[in-house]
Amino acid sequence: MALELQKPVLDAGIVTRDIEAASRFYAGVLGLPLAGEIAMPGIGRIRRYAVGESTLRLFQPEQAPAAESSRAGFASQTGIRYLTLAVANLEEVVATVRDAGYPVPVPPRELRPGVRVAQFEDGEGNTLELMQQSG
């Protein structure tokens, strides 16, 4: 049986050791608007950010995670390793991220005719990819 989506978007969650530092990146550097926050006693804290019609959740568990994700690049291990956002201002966002001191392992480049792409990392090594189509 196929999924029957109630909302035609994919929301994502990022587990973090430091929700304040993660928020400085996602809200302060990228400018994502805060959509809400909830504390769950005994579990942790979730801060939600609007990404168009989608939601990005930052989750800081009360117990620190046992392991960190690989910082050896987005293709260094299996699993969900990057999020892609379609934007109209790729160069400006990448410059803002770089100026704020975050790594930009894949600077803006043409992926295929009419499509430019870049990848950068948040403070915990999570990769975000931006794609911009011309026209």
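Heavy atoms only: backbone and side chains are in, while hydrogens, waters and symmetry mates are out. The first residue of the sequence shown is numbered 1, and numbering continues consecutively from there.
Residues Leu85 and Val93 fail the side-chain proximity criterion, which asks for heavy atoms closer than 4.5 Å. Residues Glu121 and Tyr82 fail the side-chain proximity criterion, which asks for heavy atoms closer than 4.5 Å. With a 4.5 Å cut-off on side-chain heavy atoms, Tyr49 and Ser23 count as touching. Counting only heavy atoms from C-beta outward, the side chains of Arg45 and Glu37 approach each other to under 4.5 Å. For the pair Phe120 and Leu30, the minimum side-chain heavy-atom distance is below 4.5 Å. Contact annotation: the side chain of Leu130 never approaches that of Val117 to less than 4.5 Å [non-hydrogen atoms, C-beta and beyond].
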- request: Could you walk me through whether Leu56 and Leu83 pass side chain to side chain contact (heavy atoms under 4.5 Å, CB included), step by step?
  value: CA-CA 10 Å; Leu56 176 66; Leu83 304 174; 4.0 Å; yes
query: Could you walk me through whether Tyr26 and Asp122 pass the side-chain hydrogen bond (donor to acceptor under 3.5 Å, both in side chains) check?
result: CA-CA 8 Å; Tyr26 290 97; Asp122 68 7; 2.6 Å; yes
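Val106 and Leu90 fall into different hydrophobic clusters, where Ile, Leu, Val, Met, Phe, Trp and Tyr residues are linked whenever their side-chain heavy atoms come under 4.5 Å apart, directly or through other members. Val15 and Leu58 are members of different hydrophobic clusters when ILVMFWY side chains are connected at heavy-atom separations under 4.5 Å. By the rule that hydrophobic residues join a cluster once side-chain heavy atoms approach within less than 4.5 Å of another member, Leu34 and Phe59 end up as members of separate clusters.
Rounding to the nearest 0.5 angstrom, the gap separating the CD atom in Glu129 from the CD atom in Gln119 is 4.5 Å. Here Ile43 contributes atom CD1 and Gln60 contributes atom CD; the two are 14.0 Å apart, rounded to the nearest 0.5 Å. Atom CE in Met131 sits 11.5 Å away from atom CZ in Arg116 (nearest 0.5 Å). Residue Arg57 holds its CZ atom at 10.5 Å from CD1 of Ile38, rounded to the nearest 0.5 Å. One distance of note links OG of Ser134 with CD of Glu110; it measures 8.0 Å at 0.5 Å rounding. The distance from the CG atom of Leu128 to the CD1 atom of Ile14 is 6.0 Å, given to the nearest 0.5 Å.
Side-chain atoms of Thr127 and Arg81 include no donor-acceptor pair closer than 3.5 Å.
Shortest non-hydrogen contact noted between Ala118 and Pro107 is CB-C, 4.0 Å. The minimum heavy-atom distance linking Ala50 with Ala35 is given by the pair N-CB, 4.0 Å. Between Val9 and Ser54, the closest heavy-atom pair is CB-OG, 3.3 Å. Nearest approach of Ile46 to Ile19, heavy atoms of both residues: C-CD1, 4.5 Å. Between Arg17 and Ala66, the closest heavy-atom pair is NH2-C, 4.3 Å.
Counting heavy-atom neighbours within 6.0 Å of Glu20 CD, excluding the residue itself, gives a total above 12. Surrounding CD of Glu53 are at most 12 heavy atoms belonging to other residues, nucleotides or ligands under 6.0 Å away.
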